[in-house]
Amino acid sequence: MLHMIDPVLSPDLLHTLASMGHGDDLVIVDANYPGTASGPPCIRADGISASAVLRGVLQLMPLDTFVPDPAITMQDVSQPHVTPDAVKDFQSIINETADNPADVTSLERFAFYERAREGFAVVQTGERRLYGCIILKKGIIRPET
């Protein structure tokens, strides 16, 4: 363990975050998502909610300010205009924690899968709430002034 780093951030996840560059996507997914089969390297976070991982990641990783949608979730297949509880929670965490709070946008299920395939890495959580998936685009670390 390290001082002042959320313990939900495993050594593999910390290495991944440090290895990512501006514009890379991190995909945080729920327990039902086909994480290993989706393409990018899959980091396991079994037993940890997607919300806890999101909060830990946003304490270290800036959101991109050069795109209109740095946080994208998956739409509910049967009710695409309804915001799932997990997504409501994600928005609250982004508002509270992100260096650049942004409104969460959403994609249709298969469009989300396609976008996730292009991600830098997938974090497979133990999240049991449906649609507990989010793609985060990494921003830049600005020089200190």
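These figures come from a predicted structure and were not determined experimentally.
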ILVMFWY cluster, Val87 and Val77 together (side-chain gap under 4.5 Å): no
Over all atoms of both residues, closest heavy-atom pair of Gly132 and Ala86: CA-CB, 3.7 Å
Where Pro41 and Phe120 come nearest, the two heavy atoms and their spacing: CD-O, 3.4 Å
More than 12 heavy atoms of other groups within 6.0 Å of His15 NE2: no
Heavy-atom pair of closest approach, residues Gly126 and Ala31: C-CB, 4.0 Å
Reported OG-to-CZ distance for the pair Ser78 and Arg109, which is rounded to 0.5 angstrom: 11.5 Å
Hydrophobic cluster identity match, Leu130 and Ile135, side-chain contacts under 4.5 Å: yes
Any donor-acceptor N or O pair under 3.5 Å, side chains Asp12, Ser10: no
Heavy-atom closest pair, residues Gly35 and Val122: CA-CG1, 4.1 Å
side-chain contact (heavy atoms from CB on, under 4.5 Å) between Phe112 and Cys133, worked out: CA-CA 9 Å; Phe112 183 94; Cys133 303; 3.7 Å; yes
In one Ile/Leu/Val/Met/Phe/Trp/Tyr side-chain cluster, 4.5 Å: Ile43, Ile5: yes
Donor-acceptor pair between Asp89 and Ser51 side chains, under 3.5 angstrom: yes
Stepwise side-chain contact (heavy atoms from CB on, under 4.5 Å) check, Thr73 with Thr105: CA-CA 6 Å; Thr73 59; Thr105 60; over 6 Å; no
Any donor-acceptor N/O pair, Thr36 side chain to Cys42 backbone, under 3.5 Å: no
Separation between CD1 of Ile28 and CG of Leu58, rounded to the nearest 0.5 Å: 7.0 Å
Residues in side chain to side chain contact (heavy atoms under 4.5 Å, CB included) contact with Gln75, at least two apart in sequence or another chain: Pro80, Ser106, Glu108
Cluster link Ile72 to Phe110, ILVMFWY, side chain under 4.5 Å: yes
Distance-minimising heavy-atom pair for Met61 and Leu136: CE-CB, 3.7 Å
Neighbour count >12 (heavy atoms, 6.0 Å) for atom CZ, Arg117: yes
Side-chain donor or acceptor of Lys138 paired with backbone N/O of Asp24 under 3.5 Å: no
side-chain contact (heavy atoms from CB on, under 4.5 Å) assessment of Leu107 paired with Met74: CA-CA 5 Å; Leu107 290 174; Met74 183 189 301; over 6 Å; no
Flag, side chain of Asp6 to backbone of Leu9, donor-acceptor distance under 3.5 Å: no
With sequence neighbours excluded, residues passing side chain to side chain contact (heavy atoms under 4.5 Å, CB included) with Asn95: Gln91, Pro101
Check: Tyr113 and Ser38 side chains under 4.5 Å, non-hydrogen atoms: no
Expected output: side-chain Lys137 to main-chain Asp25 donor-acceptor under 3.5 Å: no
Sub-4.5 Å side-chain heavy-atom contact between Pro70 and Val67: yes
From Asp69 atom CG to Asp103 atom CG, the distance as rounded to the nearest 0.5 Å: 11.0 Å
Short side-chain to backbone donor-acceptor contact, Gln124 and Val29, under 3.5 Å: no
Close side-chain approach of Ile140 and Arg142, heavy atoms under 4.5 Å: yes
Any residue meeting side chain to side chain donor-acceptor pair (under 3.5 Å) with Gln79, in chain and number order, not counting sequence neighbours: none
Leu13 reachable from Leu60 in the ILVMFWY side-chain graph, under 4.5 Å edges: yes
Distance-only side-chain donor-acceptor flag, Arg129 / Ser49, under 3.5 Å: no
From Leu54 atom CG to Gln59 atom CD, the distance as rounded to the nearest 0.5 Å: 10.0 Å
Nearest heavy-atom neighbours spanning Ala71 and Ile134: CB-CD1, 4.1 Å
